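Heads up, the thing below is written out as structure tokens.
For clarity, every value in this text was computed on a predicted model and none was experimentally measured. In what follows, chains carry the letters A, B, and so on, assigned in the order in which the sequence lines appear, proteins first and then strands, with residues in each chain numbered from 1.
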Amino acid sequence: MRIATWNINSITARLPRLLAWLESSGTDVVCLQELKCSAEAFPAEALRELGYEAAVHGTGRWNGVAVLSRVGLSEVVTGLPGGPTFDGLQEPRAVAATCGGVRVWSVYVPNGREVGHPHFAYKLAWLEALRKAAEPGAAGALPFAVLGDYNVAPTDDDVWDISLFDGATHVTAAEREALSALRELGLADVVPRPLKYDRPFTYWDYRELGFPKNKGMRIDLVYGNAPFTAAVRDSYVDREERKGKGASDHAPVIVDLDV
DNA sequence: ATGCCTGCCAACGGCAGA
């Protein structure tokens with residue numbers, strides 16, 4: 001089974017690329033983030049024509065997540081159980097489904113904006129709620145993984161130049177401890193291979209030639225339980241999808257599983 | 001060449017992203 005996670009930064013703007021990539025990449029299950037699309041406006045029919053069912057959680061302009069699968073889709077959960085609110089709203093940042101015998105969560109962790117901003121506290125609370133929600137799956141006998149845009153770089157090597165991140169979000173001890181708490185549940189970071197250069201970045205800012213200069217970050221992560229990681233045959237960043245006009249600022253992370 | 005932000009709407013400016 002080929003499974004992937006991809007922050008597509010608007011499924012509406014990215015639909016031609018998404019459809020072409022689904023056809024060319026042979027992906028069975030893909031976790032999408034930043035749909036920027038309501039569930040009503042989701043292009044379900046175009047995806048169905050390619051053989052994919054969809055579990056969608058989206059409300060419109062911001063956020064939005066989905067799981068697409070051509071190997072079955074059941075036991076859908078929309079929203080993070082026990083998740084915090086921001087400005088009084090439960091944002092659409094998580095959706096789960098069982099696909100071909102693998103339980104997956106597609107998550108879009110809050111950005112945090114700035115250390116000390118209410119959004120930063122929201123981010124940490126959201127990650128704590130994720131830890132609680134992931135606990136049964138992490139300990140379960142079925143392959144289980146939380147895939148998505150975590151908006152946290154796990155180590156200093158996961159940003160192009162750590163000296164530029166002093167005081168910034170995405171690299172703080174508090175955020176990294178939240179990832180560590182997930183690993184303590186029995187989830188392991190499935191680190192992908194880079195297809196070029198030495199580090200498997202998954203995001204490059206649109207501005208200032210971020211991609212050509214490889215000023216990237218690894219913030220799109222796959223955290224899998226033991227049955228999941230035991231089945232991993234290969235994993236890599238599909239950087240080809242970051243190239244050219246009309247690309248998302250994130251590249252897909254691919255995981256090949258022997259299931 | 002991988003190329004100097006992008007997408008969205010309360011839209012012709014501002015917000016969010018990281």
Item checked: Dot-bracket pairing map - DNA chain B, Watson-Crick plus G-U, both contacts under 3.5 Å, | cross-strand -> ....(((((...))))).
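For A:D205 and A:Y203, the side-chain atoms include at least one donor-acceptor pair closer than 3.5 Å. Side chain to side chain, A:Q33 and A:T5 meet the donor-acceptor criterion of an N or O pair below 3.5 Å. No side-chain donor from either of A:T27 and A:R2 sits under 3.5 Å from a side-chain acceptor of the other. Donor-acceptor pairing under 3.5 Å is lacking for the side chains of A:W6 and A:D238. No donor-acceptor contact under 3.5 angstrom links the side chains of A:S248 and A:E241, judged on distance only.
Counting 5' to 3', DNA chain B first comes under 4.0 angstrom of a heavy atom of chain A and last does so at the ends given by B:dT2 to B:dA18.
Across all strands shown, A:R242 has no heavy atoms under 4.0 Å from either base or sugar-phosphate atoms. Across all strands, A:D220 comes closer than 4.0 Å to no nucleic acid atom at all (heavy-atom distances). Residue contacts for A:E34: at a heavy-atom cut-off of 4.0 Å it reaches the sugar-phosphate backbone alone, with no base atom in range. Residue contacts shown for A:W62 include a base, since a base heavy atom lies under 4.0 Å away. Contact annotation for A:N151: backbone-only contact, meaning every heavy-atom pair under 4.0 Å involves sugar-phosphate atoms and none involves a base. At a threshold of 4.0 angstrom between heavy atoms, the contacts of A:G244 are confined to the sugar-phosphate backbone, with no base atom among them. If you check every strand for non-hydrogen atoms under 4.0 Å, A:S248 touches nothing.
The main-chain N or O of A:N9 is found under 3.5 Å from a side-chain atom of A:R14 such that the two form a donor-acceptor pair. Using modelled atom types, no side-chain atom of A:R131 and backbone atom of A:L182 make a donor-acceptor pair closer than 3.5 Å. The backbone N or O of A:V109 lies less than 3.5 Å from no partner atom in the side chain of A:Y150, so there is not a single donor-acceptor pair.
When the C1' atom is compared between B:dG7 and B:dC12, the two are found 15 Å apart, to the nearest whole Å. Look at the C1' atom in both B:dA10 and B:dC15: the space between them is 11 Å, to the nearest Å. Of the C1' atoms belonging to B:dA18 and B:dC5, the separation is 13 Å, rounded to the nearest Å. B:dT6 and B:dA11 have their P atoms separated by 23 Å, given to the nearest Å.
Contacts of A:F211 classified as ring-ring contact (aromatic ring centres under 6.0 Å, His included), with partners at least two apart in sequence or in another chain: A:W204. For the side chain to side chain contact (heavy atoms under 4.5 Å, CB included) test, no residue two or more places apart in sequence or in another chain qualifies with A:L89. Listed by chain and residue number, A:L257, A:V259 satisfy the side chain to side chain contact (heavy atoms under 4.5 Å, CB included) test with A:A231 (two or more places apart in sequence, or in another chain).
Residues A:K213 and A:Y206 both approach DNA chain B. Their nearest nucleotides, taken by heavy-atom distance, put A:K213 toward the 5′ side. In terms of position along DNA chain B, the nucleotide closest to A:E208 lies nearer the 5' end than the nucleotide closest to the other residue of the pair A:E208 and A:N63.
Using a 4.0 Å cutoff on non-hydrogen atoms, the parts of residues 159-182 of chain A near DNA chain B are A:H170, ordered by number.
Each of A:T155, A:D157, A:D189 was checked for a side-chain hydrogen bond (donor to acceptor under 3.5 Å, both in side chains) with A:R218, and the lone residue meeting it is A:D189.
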